[in-house]
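So you know, we letter chains A, B, ... as the sequences are listed, proteins then strands, and number each from 1.
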Amino acid sequence: QKEVEQDPGPLSVPEGAIVSLNCTYSNSAFQYFMWYRQYSRKGPELLMYTYSSGNKEDGRFTAQVDKSSKYISLFIRDSQPSDSATYLCAMSKDNNAGNMLTFGGGTRLMVKP
Amino acid sequence: GAVVSQHPSWVICKSGTSVKIECRSLDFQATTMFWYRQFPKQSLMLMATSNEGSKATYEQGVEKDKFLINHASLTLSTLTVTSAHPEDSSFYICSARVGVTGGGRELFFGEGSRLTVL
């Protein structure tokens, strides 16, 4: 079993829809949670960064962490075709970047005009 | 955010040749850079941690003699795939850390280099 599970998709939605992307994890030691967006043939770009349980909102994006269920979500409101990309969740046990990140496999999102 | 540049963005080479990929932090100094490999429709897998002025730390299962990493300055790390074979074909991504602490917020990724070995 992978430490971080993420449905690969593809997830296809019409423009304007609310998108829900999710990851589950098995290691309760994870405390820092991130969502990255990766366009085709590009490197990942950090979208959201959260610590422990709770919600965080940034524009059309909302990140939600439920540590009791070991479940994190990213919601995208009013989705746009430009949101079409692969979304990777990542998490770490401590505050040390890079070598401590565990990535999900990514969910491919397609927003159709 | 900080900018990390990778070069080349794509490369095709013959089996048995060596290929060098550069990772540069353009507007900050990075004492630590990371190299990842990503196969199609799969996630990023950390290959090694590159520290300026010292030897890289490789993840389990990554051959250090095949994937040579050099971090000679605070703004440049290079990954050389030696004697490349078709199974080495992949998307190689580097990342650089801006600060010492701050976790994932201080990690910026390059745009990746696609290697195809014929």
Under a 4.5 Å heavy-atom cut-off, does chain B meet the side chain of A/R108, its backbone, both or neither?
neither
Chain B contact via A/P44 - which portion, at a heavy-atom distance below 4.5 Å:
both
Do [X] and [Y] share a hydrophobic cluster, counting only Ile, Leu, Val, Met, Phe, Trp and Tyr and linking them when any side-chain heavy atoms are less than 4.5 Å apart?
{"X": "B/V62", "Y": "A/L101", "value": "no"}
{"X": "A/L88", "Y": "A/V19", "value": "no"}
{"X": "A/I72", "Y": "A/F30", "value": "yes"}
{"X": "A/Y87", "Y": "A/V111", "value": "yes"}
{"X": "A/V65", "Y": "A/W35", "value": "yes"}

Pick one of side chain, backbone, both or neither for B/L44, based on which atoms fall under 4.5 Å of a heavy atom in chain A.
both
Would you mind reporting whether A/Q38 and B/Q38 have side-chain heavy atoms less than 4.5 Å apart?
yes
Do A/L46 and B/L107 have side chains that approach each other closer than 4.5 Å (heavy atoms only, starting at C-beta)?
no
Please report the interatomic distance CZ(B/F91) to CZ(A/R41), rounded to the nearest 0.5 Å.
8.5 Å
Take atom NZ in A/K112; do more than 12 heavy atoms of anything else shown fall under 6.0 Å from it?
no
Let me know which of B/F109, B/F108, B/Y36 forms a ring pair (Phe, Tyr, Trp, His ring centres under 6.0 Å) with A/Y36.
B/F109
Between B/S43 and A/G106 (side chain of the first, backbone of the second, donor and acceptor by atom type, cut-off under 3.5 Å), is there such a pair?
no
